[in-house]
**Q** 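The following block contains the structure, expressed as structure tokens.
Below, all heavy atoms of this structure are taken into account, side chains as well, without hydrogens, waters or symmetry copies. Every number for a ligand or one of its atoms is a count from 1 in the order of the listing.
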Amino acid sequence: MINKVLVANRGEIAIRIMRACRESGIATVAVYSEADRDSIFVKYADEACSIGPAPARDSYLNIPGIIKAALNCGAQAIHPGYGFLAENSDFARACEEAGIIFIGPSSRVLELVGCKTAARTTAQEAGIEIVPGINECTEPDIIEQEAEKIGYPVIIKPCDGGGGIGMQVVKSRSELKRSLEMSSAIASRAFGRGKVYVEKYLEHPRHIEVQILADSCGNIIHLGERECSIQRMHNKLVEEAPSPVITPEIRQQMGRQAVDFARKVGYLGAGTVEFIYSGGRFYFIEMNARIQVEHTVTEMVTGIDIVKEQLRIAGGLPLSVSQQEVKLNGWSIECRINAEDPLNNFTPSPGRLSGYRSPGGIGIRVDSGVYNGFMISPYYHPMISKLVAWGRNREEVILRMRRALYEYIIVGVKTNIILHKAILENPRFVSGDLGTHFIGQESSLFDDMRRIEERDRAAVERLKETFKT
Ligand code: ADP
């Protein structure tokens, strides 16, 4: 039985986890960098412990500091959230050695799924189709041979990659050498290892992923899929559940494969098996061994609190639901609201929120760590919130999300709300014809943003006046 959890993260996800702890009767400990001293998650927690000076991006990567804080506070478990140390096998091992429960899979599993080529091999062994390519990080001439075999375009990927960092699309043989060098150099800088591999680049795929839950009693279930095809630079921007393209039969097949993969690796906790979907077929790309930013849309359509399930699993309890009890109800969309300027090459826009009012009303959920007067720090990703809507069907949830975007008031920093408005009004988006190149292909989005800005200007100004401090 866990009665105190240390949350090794910040912002909205720290609060998200603490909410689940509170509902589960579990006390919480926040750790924070001095740059985050005034954040809500620090005040929300039952106890808070500083782990680093400002500016302090690295505070949340301070493994000994975090372990020491957990031991000092008597926390039996650590929830890593997403990003930072969430998929770091050294951190999981340090927890294991200190006798602290790491809320996630074991360090061994993190190591396995963290290596994309090892994950590809395991997927193949489990009978899951993977994107054609090689399963080992190898020498440039072998990569070149493989690229010739599978045919251009190909994609070079860092073995230990994440966040789309270092991936290079190669259209022809003449570009290969340079792309290999670039990918490897970026990977070395970002992940400490420059190893890369190659796979076929599918030109107009959709990104579809399956949420799974695995407990220590041998139960593994899936909660259906999320479509995350609306991306910018391989980073997700709008997600939805279910996917407009997935039939019940394909859902069952994808779900079964995701569960098979989790069983094969000996998975424990909440995880996501990612696929790309192209030409009516789906291919495994990787597993994310953590809670994901977009878990919210799955929660909205299943009614299952994924973080509470993580806490149950970590405490050795069985899942609270069986596969038969998982029912999808309605439709949900999430928009990631960032402090950045979509009309100016998405330049981050840190600064003080001099006015803030988030949307409300039926079917709206806002996961956020900000408040009126909050300082969006330049040291971290400039996410302001996750705006999540639920509706009985896709048509209703789109209309509801448009309404919520209309009433979202943020003064003092630039935001990407205008881009979300343009996407949610885009006829192709509305028809459900999604793809990972949607943003690049829909060239009208930029004009649409300007037009929508003009159209909504008077109303936005009116509302901004009311909520300015
Ligand atoms: P990361 O772990 O760095 O996020 P992923 O392997 O999950 O990288 O891929 C991120 C995104 O890149 C996918 O959602 C998809 O849009 C694109 N992508 C990855 N592999 C391929 C591929 N083989 N063909 C086409 N697009 C791909």
**Q** Heavy atoms only, cut-off 4.0 Å: how does K116 contact ligand 1, side chain, backbone, both, or neither?
**A** side chain
**Q** Name the closest protein heavy atom to atom 24 (N) of ligand 1, giving the residue it belongs to and the distance to 0.1 Å.
**A**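 For this ligand atom, the closest protein heavy atom is L202 N, 2.9 Å.
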**Q** Could you identify the single nearest non-hydrogen protein atom to atom 20 (N) of ligand 1 and state the distance to 0.1 Å?
**A**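 The closest one turns out to be K157 NZ, 2.9 Å.
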**Q** In the protein, which heavy atom is nearest to atom 13 (C) of ligand 1, and how far is it?
**A** H207 ND1, 3.7 Å
**Q** Knowing that exactly one of Q292, E239, H295 qualifies, which makes a side chain to side chain donor-acceptor pair (under 3.5 Å) with R226?
**A** Q292
**Q** Taking atom types as modelled and ignoring hydrogens, do the side chains of S107 and E96 form a donor-acceptor contact shorter than 3.5 angstrom?
**A** yes
**Q** Please enumerate all residues that pass disulfide (SG to SG under 2.5 Å) together with C115, with sequence neighbours excluded.
**A**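 In terms of disulfide (SG to SG under 2.5 Å), with neighbours along the sequence ignored, C115 is linked to no residue.
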**Q** Measure from NZ or CZ of R232 to the centre of the six-membered ring of F346, then state whether that distance is under 6.0 Å and the direction lies within 45° of the axis.
**A** yes
**Q** I need the atoms of ligand 1 closer than 4.0 Å to a non-hydrogen atom of Y201, numbered in the order shown.
**A** 24 (N), 25 (C), 26 (N)
**Q** Check each atom of ligand 1 against the heavy atoms of I276 and keep those under 4.0 Å away; list them by number with element.
**A** 21 (C), 22 (C), 23 (N), 24 (N)
**Q** List the residues meeting side-chain contact (heavy atoms from CB on, under 4.5 Å) with A123, not counting sequence neighbours, and say none if there are none.
**A**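 A123: side-chain contact (heavy atoms from CB on, under 4.5 Å) contacts with I128, I130, F261, F284.
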**Q** Taking R93 first and then E111, would you say they form a salt bridge - that is, a charged N and a carboxylate O separated by under 4.0 Å?
**A**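 Salt bridge between R93 and E111, a charged N being under 4.0 Å from a carboxylate O: yes.
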**Q** Please determine whether side-chain hydrogen bond (donor to acceptor under 3.5 Å, both in side chains) holds for the pair Y60 and D36, giving the CA-CA distance in whole Å, both sets of side-chain angles, and the decisive distance to 0.1 Å.
**A** CA-CA 11 Å; Y60 298 96; D36 281 335; 2.5 Å; yes
**Q** Any idea which protein heavy atom is nearest atom 9 (O) of ligand 1, and the distance to it?
**A** M167 CE, 3.8 Å
**Q** Considering only the protein, which heavy-atom contact is closest to atom 18 (N) of ligand 1, and what is its distance?
**A** I155 CD1, 4.4 Å
**Q** Going by the order shown, which atoms of ligand 1 are within less than 4.0 Å of some heavy atom of E274?
**A**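 So the atoms of ligand 1 that pass are 7 (O).
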**Q** Return the closest protein heavy atom for atom 3 (O) of ligand 1 as residue, atom name and distance.
**A**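 Scanning the protein heavy atoms, the shortest distance from atom 3 (O) of ligand 1 goes to G164 N, 2.6 Å.
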**Q** As a check for students: among Q231, H234, E286, M233, identify the option with a heavy atom nearest to atom 16 (O) of ligand 1.
**A**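 It is Q231 that holds the nearest heavy atom.
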**Q** What I want to find out is whether D260 reaches R263 closely enough, with some N-O distance under 4.0 Å, to be called a salt bridge.
**A**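 The answer is no: the pair does not qualify as a salt bridge.
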